[in-house]
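Since the structure comes first, as structure tokens, the remarks are kept for the end.
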Amino acid sequence: MDKVQFLARLMKDENFRTFLANPKVREVFLDPEFQRAVKTQDMGQVMTNPKFAVLMQDPDIARLIITLKASFFEK
């Protein structure tokens, strides 16, 4: 599956939209420092971003990710 098809399928997924709508996720994803890290396409830089690291420790976000994984990636 190419990137465009993957993104189109992902954007149609209700659980992904719920994940993106979460205020904590939006705050990190809209942060200029995090966006610069994403643009590098260096996952190490993304994963070590301080705000992203804190986000990944949040139990609410963990539940959203588990739900997303179960609904989207295990079909």
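Residue Met11 is grouped with residue Phe19 when hydrophobic side chains (ILVMFWY) are merged at heavy-atom distances under 4.5 angstrom, including chains of intermediate members. Residues Leu20 and Phe34 fall within the same hydrophobic cluster, defined by Ile, Leu, Val, Met, Phe, Trp and Tyr side chains chained together at heavy-atom separations under 4.5 Å. Under the 4.5 Å side-chain heavy-atom criterion for grouping Ile, Leu, Val, Met, Phe, Trp and Tyr, Phe29 is connected to Met43 within one hydrophobic cluster. Cluster annotation: Leu55 and Leu30 are assigned to distinct hydrophobic clusters (Ile/Leu/Val/Met/Phe/Trp/Tyr, side-chain heavy-atom contacts under 4.5 Å, transitive).
Between Val38 and Gln45, every side-chain heavy-atom pair lies at or beyond the 4.5 Å cut-off. Between Leu64 and Asn15, every side-chain heavy-atom pair lies at or beyond the 4.5 Å cut-off. Looking only at side-chain heavy atoms (C-beta outward), Ile65 and Met56 come within less than 4.5 Å of each other.
Across all non-hydrogen atoms, the minimal contact from Glu33 to Pro50 is OE2-CD, 3.9 Å.
Classification of Glu14 and Arg17 as a salt-bridged pair holds, one side-chain N sitting under 4.0 Å from a carboxylate O.
A distance of 11.5 Å separates CD1 of Ile61 from CG of Leu68, quoted to the nearest 0.5 Å. With values rounded to the nearest 0.5 angstrom, Asn22 atom CG is found 10.0 Å from Glu27 atom CD. Taken from CG in Leu10 to CD in Gln5, the straight-line distance is 13.5 Å, to the nearest 0.5 Å. Between the CZ atom in Arg36 and the CG atom in Asn49 there is a gap of 9.5 Å [rounded to 0.5 Å].
Crowding of Gln35 atom CD: a count of heavy atoms from other residues, nucleotides or ligands under 6.0 Å exceeding 12.
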